[in-house]
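Let me begin by presenting the structure, written as structure tokens, before commenting on it.
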Amino acid sequence: MSFTIRFTEHAEADLIRLYEFILQRDSADWLLAERALDAIKNSLRTLEFTPFSCRKASLESPFFRELVIPFGGSGYVALFEIEDNHTITILAVRHQREDDYHL
């Protein structure tokens, strides 16, 4: 079974925010920003086949889960919901050193 991955507007804004954060630190480091975005997108592709292998994000629902995305010395975390047998919705993405999701 293969799932379709979709993004909320908020999750798309998170990707832009994370990309821009790297460029704010060093505007010449666009290659690092591209690599970070590629790492996130490539990791999210694993959800097409194995979303239930990710850790649960909620005690109330087994359908809210988190994907840990390694990158460099830390990485990112994507919050997603398994909507049905065909659809996964990415709700938010954050850096692992951030306090929480920006929902």
Side-chain angles (χ1 to χ4, degrees):
M1 175 175 9
S2 178
F3 290 84
T4 300
I5 298 174
R6 67 180 199 92
F7 291 79
T8 62
E9 287 182 23
H10 184 81
E12 288 177 351
D14 283 342
L15 294 177
I16 294 167
R17 177 181 57 81
L18 293 167
Y19 185 88
E20 289 176 347
F21 176 78
I22 293 172
L23 294 179
Q24 286 173 359
R25 288 188 335 203
D26 183 357
S27 62
D29 214 352
W30 61 268
L31 186 57
L32 178 64
E34 288 292 322
R35 284 186 25 241
L37 194 58
D38 286 343
I40 293 169
K41 289 180 178 180
N42 289 334
S43 291
L44 291 175
R45 285 191 189 109
T46 65
L47 298 178
E48 292 175 353
F49 302 101
T50 60
F52 284 100
S53 66
C54 298
R55 70 183 182 196
K56 292 179 185 177
S58 168
L59 295 175
E60 293 82 35
S61 174
F63 301 107
F64 286 100
R65 298 200 170 232
E66 292 180 318
L67 173 66
V68 176
I69 303 165
F71 186 76
S74 56
Y76 301 92
V77 181
L79 177 67
F80 66 95
E81 180 180 12
I82 302 167
E83 298 271 346
D84 54 38
N85 289 339
H86 307 287
T87 310
I88 291 173
T89 302
I90 307 301
L91 304 172
V93 183
R94 67 174 174 85
H95 191 274
Q96 286 181 347
R97 293 186 180 161
E98 286 183 82
D99 288 335
D100 204 354
Y101 297 104
H102 298 272
L103 293 175

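- Judged as a side-chain contact (heavy atoms from CB on, under 4.5 Å), and not counting sequence neighbours, the contacts of Lys56 are Pro62, Arg65.
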Applying side chain to side chain contact (heavy atoms under 4.5 Å, CB included) to Arg55 and Val68, what does each step give before you reach the verdict? CA-CA 9 Å; Arg55 70 183 182 196; Val68 176; 3.8 Å; yes
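- Among residues two or more places apart in sequence or in another chain, the side-chain contact (heavy atoms from CB on, under 4.5 Å) test is passed with Ser2 by Glu48, Phe49.
- A search for side-chain hydrogen bond (donor to acceptor under 3.5 Å, both in side chains) contacts involving Ser58 returns Glu60, not counting sequence neighbours.
- Within 6.0 Å of the CG atom in Leu31, the count of heavy atoms belonging to other residues, nucleotides or ligands exceeds 12.
- In this view, Thr46 satisfies the side-chain hydrogen bond (donor to acceptor under 3.5 Å, both in side chains) rule with no residue, not counting sequence neighbours.
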| Given the rule in the side chain to side chain contact (heavy atoms under 4.5 Å, CB included) test, do Leu91 and Glu81 qualify, once you have shown the distances and angles that lead to the verdict? | CA-CA 7 Å; Leu91 304 172; Glu81 180 180 12; 4.1 Å; yes
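- Judged by distance alone, the side chain of Thr50 and the main-chain N or O of Ser53 form no donor-acceptor pair under 3.5 Å.
- Between the Ser43 side chain and the Ile40 main chain, no donor and acceptor come within less than 3.5 Å of each other.
- Applying the side-chain contact (heavy atoms from CB on, under 4.5 Å) rule to Pro70 yields no partners; only residues at least two apart in sequence or on another chain are considered.
- Scanning for side-chain hydrogen bond (donor to acceptor under 3.5 Å, both in side chains) contacts around Arg35 gives an empty result, with sequence neighbours left out.
- The ring-ring contact (aromatic ring centres under 6.0 Å, His included) analysis of residues 59-81, with sequence neighbours excluded, yields the pairs Tyr76-His95.
- In this structure, the side-chain hydrogen bond (donor to acceptor under 3.5 Å, both in side chains) partners of Asp84, at least two apart in sequence or on a different chain, are Thr87.
- Take Glu34 and apply the side-chain contact (heavy atoms from CB on, under 4.5 Å) test, not counting sequence neighbours, and it matches Tyr19, Trp30.
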